[in-house]
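All chains are named by letter (A, B, ...) in the order of the sequence lines, taking the proteins before the strands, and each is independently numbered beginning at 1.
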Amino acid sequence: MTRIPPNSPPISVQALFDRAEGIAGRTLGELGADANIVVPEHFKQHKGFTGQLLELWLGATAGSKQQQDFPDLGIELKTIPIDHQGKVLETTYVCYVHLLSHIAEQWHTSAVRNKLGQVLFIPVIGERAIPPAQRTVGMPILWQPNDQEKAILQQDWEELMEQISLGQIESITSKLGEALHIRPKAANGEALTDAIGASGQIIQTRPRGFYLRKNFTQSLLNRAFDL
DNA sequence: TGATGATCATCT
DNA sequence: AGATGATCATCA
């Protein structure tokens, strides 16, 4: 059993998957202790802790990156909080929404498609009643969207981006989009960024992010675990 | 109780 | 300000 985090990136998809399987069943407390990292008592002020701890254990480059977590392998890493019955507890952040600079972008070159081309999902039993240190890492899932999922994602993305390019960003709520939707994404309500207004003018609005709905990630987990 | 909208830490 | 990692907290 691996007792120390790796000091280099995995050289293959199999090597990455093996690492992920190697930490399955362990708690965040154990993984933190073996890495000499203190696990917070709660995530109120450490919301990205789980993701960063698993990045360390899998050998992703430390710090935030602009593309995939394992660019040489073409794989994005996502931790997904579930309850003890395998139920997805939160939506999954995909990437920032470019409200001005990429509005003419096409689906096939989009950041969303790039990020979701191949994803290593690692479930973590993360019910709020369970202290972070006692939360358990689950079996990894290497996911590639099937044809139906690809079609839904593309359709949602195109619909959302069309609204943005038409100056309807303020009209977009998180209800729009079957699998992919848009919600605010910022450090606080003060943050503003440029976007296209209803009359074609530049307006200031709150930054947004793309997120996967819970039912979408749930179905992909179910498929992987044959539930 | 779940979904929506808001927020936290950190780095570039 | 933009982007990474997400979870929190409120309200319907």
Rounded to whole angstrom units, what separation is found between the [atom1] atom of [X] and the [atom2] atom of [N]?
X	N	atom1	atom2	value
A:His102	C:dA1	NE2	P	19 Å
A:Leu99	C:dA3	CG	C1'	13 Å
A:Phe210	C:dT4	CZ	C1'	16 Å
A:Arg183	B:dA6	CZ	P	11 Å
A:Ile125	C:dT7	CD1	P	14 Å
A:Arg206	C:dA3	CZ	C1'	18 Å
A:Leu56	C:dG5	CG	C1'	14 Å
A:Leu77	C:dA6	CG	C1'	12 Å

Checklist entry - Taking for each residue the nucleotide of DNA chain C with the nearest heavy atom, is it A:Ser101 or A:Arg135 whose nucleotide lies nearer the 5' end? => result A:Ser101
Checklist entry - Mapping A:Ile80 and A:Leu192 onto DNA chain C by nearest heavy atom, which one lands closer to the 5' end? => result A:Leu192
Please confirm whether the shortest side-chain N or O distance from [X] to OP1 or OP2 of [N] is below 4.0 Å.
X	N	result
A:Lys175	B:dA3	no
A:Thr193	C:dG2	yes
A:Tyr93	C:dG5	no
A:Lys47	C:dT4	no
A:Ser174	B:dG5	yes
A:Lys44	C:dA9	yes
A:Arg128	C:dC8	yes
A:Arg213	B:dT4	yes
A:Thr79	C:dG5	no

Item to check | Between A:Thr91 and A:Arg183, a side-chain donor and acceptor under 3.5 Å | outcome: yes
Looking at every strand, decide which applies to [X] at a 4.0 Å heavy-atom threshold: base, sugar-phosphate, or nothing.
X	result
A:Glu76	sugar-phosphate
A:Ala191	nothing
A:Pro207	nothing
A:Gly51	sugar-phosphate

Would you mind reporting whether [Y] and [X] have side-chain heavy atoms less than 4.5 Å apart?
X	Y	value
A:Arg135	A:Leu28	yes
A:Glu55	A:Phe70	no
A:Ile203	A:Glu170	yes
A:Ile37	A:Leu31	no

Salt bridge between [X] and [Y], side-chain N to carboxylate O under 4.0 Å?
X	Y	answer
A:Glu90	A:Lys78	no
A:Arg206	A:Glu190	no
A:Glu21	A:Arg19	no

Could a donor-acceptor pair under 3.5 angstrom be found where the side chain of [X] meets the base of [N]?
X	N	value
A:Lys185	C:dG5	yes
A:Tyr211	B:dA3	no
A:Glu90	C:dC8	yes

Checklist outcome for this item: Paired with A:Ile182, the side-chain contact (heavy atoms from CB on, under 4.5 Å) test is passed by just one of A:Leu176, A:Leu99, A:Ile164, A:Asp156, namely A:Ile164
Checklist entry - Between the two end axes of the helix from B:dT1-C:dA12 to B:dT12-C:dA1, each built from 5 base pairs, what angle do you get to the nearest 10°? => result 30°
Consider the side chain of [X], meaning its heavy atoms from C-beta on, and name the nucleotide among [options] that approaches it most closely.
X	options	value
A:His181	C:dG5, B:dT4, C:dT7	B:dT4
A:Gln45	B:dA9, B:dG5, C:dA1	B:dA9
A:Tyr96	C:dT4, B:dC8, C:dA6	C:dT4

Checklist entry - A:Ala186 or A:Thr91: which one's nearest nucleotide on DNA chain B is closer to the 5' end? => result A:Thr91
